[in-house]
Amino acid sequence: TLHFPVTPKVGFMVRTTVGGAGIGNASTYLWDAEMGALFRLTPRLRLDASYRAFKYDRTDGEGAAAVDQTVSVVGPAVGLSIGIL
């Protein structure tokens, strides 16, 4: 995750994840990417508004019993972070 503060109350972030590679019981592949704006509401509250996309592909089982799954999700995401320390 990369954070780019603009002011003490506003910043931007970029986050990516890549994985899978079919090792062990892992997905054949997976990737996840998110870009967003971060707004510090109080010293303990932060509002995150972002756009996220992820996709994965995996196969469970073998032969005729194999189940192949491919999932793609894209869209906006909104979150509220509460700091306790």
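These numbers come from the heavy atoms of this one structure, side chains and all, not from hydrogens, waters or symmetry mates.
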- Going hydrophobic residue to hydrophobic residue with side-chain gaps under 4.5 angstrom, can you get from Leu80 over to Phe12?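 No, because Leu80 and Phe12 fall into different hydrophobic clusters, even though each may have its own neighbours under 4.5 Å.
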
- Query: What about Phe39 and Ile82, same hydrophobic cluster or not, with Ile/Leu/Val/Met/Phe/Trp/Tyr joined at side-chain heavy-atom distances under 4.5 Å?
  - Reply: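 As far as the 4.5 Å side-chain criterion goes, Ile82 and Phe39 are connected within one cluster.
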
- If you link ILVMFWY side chains whenever their heavy atoms are less than 4.5 Å apart, which other residues fall into the same cluster as Met13? By chain and number, please. Leu38

- Message: Side-chain heavy atoms under 4.5 Å apart, restricted to Ile/Leu/Val/Met/Phe/Trp/Tyr: what other residues fall into the cluster of Tyr51, or is it alone?
- Response: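 Cluster partners of Tyr51: Val74.
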
Value rounded to 0.5 Å, distance of [atom1] in [X] from [atom2] in [Y]:
{"X": "Leu41", "Y": "Leu47", "atom1": "CG", "atom2": "CG", "result": "5.5 Å"}
{"X": "Leu30", "Y": "Tyr56", "atom1": "CG", "atom2": "OH", "result": "9.5 Å"}
{"X": "Leu45", "Y": "Ser81", "atom1": "CG", "atom2": "OG", "result": "9.0 Å"}

- With sequence neighbours excluded, give me every side-chain hydrogen bond (donor to acceptor under 3.5 Å, both in side chains) pair touching residues 34-45.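 Non-adjacent pairs meeting side-chain hydrogen bond (donor to acceptor under 3.5 Å, both in side chains): Arg15-Glu34, Glu34-Ser50.
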
- Validation row: Phe4, Val14 side chains within 4.5 angstrom (heavy atoms):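 Yes - at least one pair of side-chain heavy atoms lies under 4.5 Å apart.
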
- Heavy-atom check, side chain of Thr16 versus side chain of Trp31, under 4.5 Å: no

- Query: Hey, are Lys55 and Asp57 close enough for a salt bridge, meaning a charged N less than 4.0 Å from a carboxylate O?
  - Reply: no

